[in-house]
Amino acid sequence: MFPVSSSRSSPMIKGSTAVEIASGLYWYLKYWCGAHVSWDKTGGIQIDSIPKPGSLPLVKAEGVMIQRPVPWNYYQNVVTSSYSYVWWDWERWEKEIDWMALHGINLPLAFTGQEAIWQKVFMDFNISKEDLNDFFGGPAFLAWARMGNLHGWGGPLSQNWLDQQLALQKLILSRMLELGMTPVLPSFSGNVPAALKKIFPSANITRLGSWNSVDDNLRWCCTYLLNPSDPLFVEIGEAFVRRQVKEYGDVTDIYSCDTFNENTPPTNDTTYISSLGASVYKAMSKGDKDAVWLMQGWLFYSDSAFWKPLQMEALLHSVPFGKMIVLDLFAEAKPIWKNSSQFYGTPYVWCMLHNFGGNIEMYGILDAISSGPVDARTSENSTMVGVGMCMEGIEHNPVVYELMSEMAFRSEKLQVLEWLKSYSRRRYGKAIHQVEAAWEILYHTVYNCTDGIADHNIDFIVKFPDWDPSNTSSALPQAHLWYSTRKVINAFQLFLEAGNNLAGSLTYRYDLVDLTRQVLSKLANQVYLDAMTAFRQKDVKALNLHSQKFIQLIKDIDVLLASDDNFLLGTWLKSANKLAKNSQELRQYEWNARTQVTMWFDNTKTQQSSLHDYANKFWSGLLEGYYLPRASSYFQYLLKSLQENESFKLKEWRREWISFSNQWQAGIELYPLKAKGDALTISKALYEKYFCKRKQNKCDFQIGGKRVLLVCT
């Protein structure tokens, strides 16, 4: 009824075309009926704008044809499984896979449950379950244990976890296959338990250097790598692929492997690199004779000093042509295909990375998304075979992912401004002039980041600077800002003006809360800098004024975020706790969930983790419970320094703060699971408080039956 065809056929595709039918139906609803279908964070579906049954226009006899210009539509990053999916049950996974089908995704990663497979494989090599306790990371850190960046951190994994995740993976694969997708399974990259070196003393096993550990603690840093030249490498790699086939059946021929993701090879010798690649592929192909190697191209960007043309070509040409697909992971900002002769003839997927650590910030490059895949596909001697979305974390910036998913089906560039008008109408169920005007502003500001900077959210509320401002030789810290904040405040005002017409729209509420958060967090950055300037000028009164305003902004943003279910810390913690089968797992999972979004990795008493706040979140509960105490104590130390005419005691603050953080990470206090308050009312009050030229003396409103007073500053 809704045929969707590809202009290219691929022998690697298995299964039915249900995903094509689903995506065709999606496009029909979207463009012929003006409907909007999207999932929110908790899996709720927004279908308010879908016409009532019986009111849809009839489809002509020949159907509706949407033709893919490239065969593959890839989805996920190897760390998305930790930043976003780690606590999901089947109910949430089922909705995600349906979302994939609606958006035409036919090449998703399927990494869940692989530790159970590895347990069985390594036990066949005489490694005990106890030996693996030090090898696997905890649930929230599995992605980095899999890549050999760390071991044991947050672990060990219980047998319950291993069995539970394996059962979940079988459900995931079954549904992916049912919908015609080709899942991408993991393969062996050489990362092995320490015990393997004792069992096979003659094996060529190297201990790697530290990865972001503050004191190179061997309890979790410096993993072991089995050299691909060792015969044992192929033996283990083959065993792993065969064990997956035994558990899941013949579900795919495509396997992901990233041997040196943020780990530099021991030599740049091209012969060695070529043999490394050949061994990785040999291990795959001995387990599956039709194996195709899918590799992230991130290493060519993150370690470009090592991966020069000769080294790149040696790796890419180490396997038979057509047996490797490269993900050009950060193509919207740093495309590798342009400077590598189309990956030296290797098929690749044009990917949008967009997000790091699951940070919540309005950000994007809509022009690059709307044109980049077309430019790559139509370039001379193009080897592009697909498009993909490779964000580290999901559930943010829906406009970016809506546009990117469309590019899998568009053969020509689109006019973003016209597309945004259609998007706005579909998203909110009606055309509202003020909202369309607001989106035009956002397109030219927030969603037009052309500075080439990878956007980790370093707003000072969520990534508080750890430094001594009394050292005047140090420049003031700078948060990433690529647009006029004044213009975005104008967009915020337009959004508010549309509120009476869209008050019942959940998608409008989400976007309003996100936009309000965005403008307030950027305001807080400036307030922080004002406080630092006051400190350097030894102005106690000004420091106190600006620091109190910064603290109040944290409190106000927390109230704002509490008004929408998508911005609650409690949801994240509850999803972790639901998977626990006993009190020990409960405490472990809670610690994993809390630690990932705060300190992340190891620390000493006076040195924070190198990765602290990497996965920061603007979540209600996290702001008031974690970020607020940190900022408060820091400003108290600054004020005391001026008042008592003494040096700023940075080390003492660090000691106090890190101790608080570690206690919070180990905490079990509950956070709300349901939104409270009216988002429109709160956003209007915050606009009056911080941006209205004719400010009222005070703004008050009701939240949960309680009166809340916002004193204008």
Side-chain angles (χ1 to χ4, degrees), residues 30 34 36 38 40 46 48-49 354 360-370 396-404 406 414-450 455 457 459 481-524 556-557 560-561 563-564 566-567 618 678-694:
K30 187 173 182 178
H36 179 76
S38 68
D40 71 12
Q46 304 304 321
D48 292 341
S49 62
H354 183 258
I360 297 173
E361 175 165 42
M362 294 178 72
Y363 157 82
I365 319 174
L366 298 188
D367 282 341
I369 295 169
S370 66
H396 51 80
N397 291 287
V399 64
V400 173
Y401 295 91
E402 189 77 6
L403 177 59
M404 187 63 232
E406 282 199 19
L414 55 77
Q415 297 299 314
V416 176
L417 193 55
E418 289 303 311
W419 181 88
L420 281 171
K421 289 181 180 179
S422 171
Y423 170 81
S424 171
R425 185 171 62 251
R426 289 180 282 108
R427 182 161 176 79
Y428 309 124
K430 62 179 77 172
I432 304 294
H433 170 71
Q434 293 96 327
V435 171
E436 291 183 356
W439 272 109
E440 182 172 356
I441 294 172
L442 295 176
Y443 164 46
H444 292 298
T445 54
V446 170
Y447 291 111
N448 187 37
C449 182
T450 57
D455 189 62
N457 189 346
D459 285 348
L481 184 63
W482 61 96
Y483 60 84
S484 163
T485 55
R486 181 68 255 173
K487 290 180 179 179
V488 175
I489 292 170
N490 291 340
F492 174 32
Q493 184 178 9
L494 288 166
F495 248 84
L496 288 173
E497 291 175 4
N500 291 336
N501 291 316
L502 296 172
S505 167
L506 297 180
T507 46
Y508 167 77
R509 185 183 71 184
Y510 174 92
D511 291 346
L512 176 63
V513 170
D514 203 22
L515 180 55
T516 308
R517 175 211 53 75
Q518 182 82 6
V519 296
L520 291 178
S521 65
K522 300 307 176 187
L523 173 63
D556 289 345
I557 297 173
L560 166 75
L561 297 174
S563 68
D564 189 288
N566 296 287
F567 299 96
F618 271 98
D678 179 72
L680 180 57
T681 302
I682 296 170
S683 294
K684 285 181 176 179
L686 292 172
Y687 177 82
E688 290 285 341
K689 179 175 181 176
Y690 291 106
F691 303 113
C692 187
K693 292 180 180 178
R694 293 179 57 195

message: Would you say that Leu561 contacts Val513 through its side chain, given a criterion of any heavy-atom pair below 4.5 Å between the two side chains?
response: yes
- prompt: Counting N and O atoms only, with roles assigned by atom type, does the side chain of Asn397 sit under 3.5 Å from a partner on the main chain of Glu361, one being a donor and the other an acceptor?
  reply: yes
Close side-chain approach of Asp511 and Ser505, heavy atoms under 4.5 Å: no
- line: Heavy-atom closest pair (Ile557 atom, Ser521 atom, distance to 0.1 Å) is CD1-N, 4.1 Å
- request: Could you tell me whether the side chain of Leu420 reaches within less than 4.5 Å of the side chain of Tyr447, counting heavy atoms only?
  value: no
message: Asp367 vs Tyr443, test: side chain to side chain contact (heavy atoms under 4.5 Å, CB included). Steps then yes/no.
response: CA-CA 9 Å; Asp367 282 341; Tyr443 164 46; 2.6 Å; yes
- line: Heavy-atom closest pair (Ser424 atom, Glu436 atom, distance to 0.1 Å) is OG-CG, 4.2 Å
- request: Measure the shortest side-chain to side-chain distance between Leu520 and Phe691 over non-hydrogen atoms and say whether it is less than 4.5 angstrom.
  value: yes
query: Using 30° and 60° as the class limits, which term best fits the ring planes of Tyr428 and Phe495: parallel, tilted or perpendicular?
result: perpendicular
message: Rounded at 0.5 Å granularity, tell me how far OG in Ser484 sits from NZ in Lys522.
response: 13.0 Å
message: So does Asn501 get a backbone contact from the side chain of Lys430, meaning a donor-acceptor N/O pair under 3.5 Å?
response: yes
query: Which value, rounded to the nearest 0.5 Å, describes the distance between Leu512 atom CG and Leu560 atom CG?
result: 7.5 Å
query: Would you say the side chain of Leu686 lies within less than 4.5 Å of the side chain of Val519, judging by non-hydrogen atoms?
result: no
- request: Report the residues that fulfil salt bridge (charged side-chain N to carboxylate O under 4.0 Å, His left out) with Asp514, sequence neighbours left out, ordered by chain and then residue number.
  value: Arg517
field: Nearest non-hydrogen partners of Leu515 and Leu442, listed with the distance
entry: CD1-CD2, 4.0 Å
query: Hey, is the main chain of Thr445 close enough, under 3.5 Å, to the side chain of Trp482 for a donor-acceptor pair?
result: yes
statement: OH of Tyr483 to NE2 of His444, rounded to nearest 0.5 Å, is 16.0 Å
- prompt: Less than 4.0 Å between a side-chain N and a carboxylate O, is that true for Lys487 and Glu440?
  reply: no
- prompt: CD/Glu406 to OH/Tyr423 distance, rounded to the nearest 0.5 angstrom?
  reply: 10.5 Å
query: With side chains defined as the heavy atoms from C-beta onward, is the minimum distance between Ile432 and Tyr508 less than 4.5 Å?
result: no
Spacing of CG belonging to Asp459 relative to CD1 belonging to Ile360, to within rounding of 0.5 Å: 11.5 Å
- line: In short, Ala491 meets Ala438 closest at the heavy-atom pair O-CB, 3.6 Å
- prompt: So, do Val400 and Tyr363 sit near enough that their side-chain heavy atoms are less than 4.5 Å apart?
  reply: no
- request: Answer yes or no: is there a side-chain heavy-atom contact under 4.5 Å between Trp419 and Glu402?
  value: yes
NZ on Lys684 to CZ on Phe492, rounded to 0.5 Å: 11.0 Å
Closest non-hydrogen atom pair between Arg427 and Pro398, with its separation: NH2-CG, 3.4 Å
message: The test is side chain to side chain contact (heavy atoms under 4.5 Å, CB included); show your working for Leu496 and Leu680 and say whether it passes.
response: CA-CA 7 Å; Leu496 288 173; Leu680 180 57; 4.1 Å; yes
message: For His396 and Tyr401, take the angle between the two ring planes, folded into 0 to 90°, and tell me which bin it lands in: parallel under 30, tilted 30 to 60, perpendicular over 60.
response: perpendicular
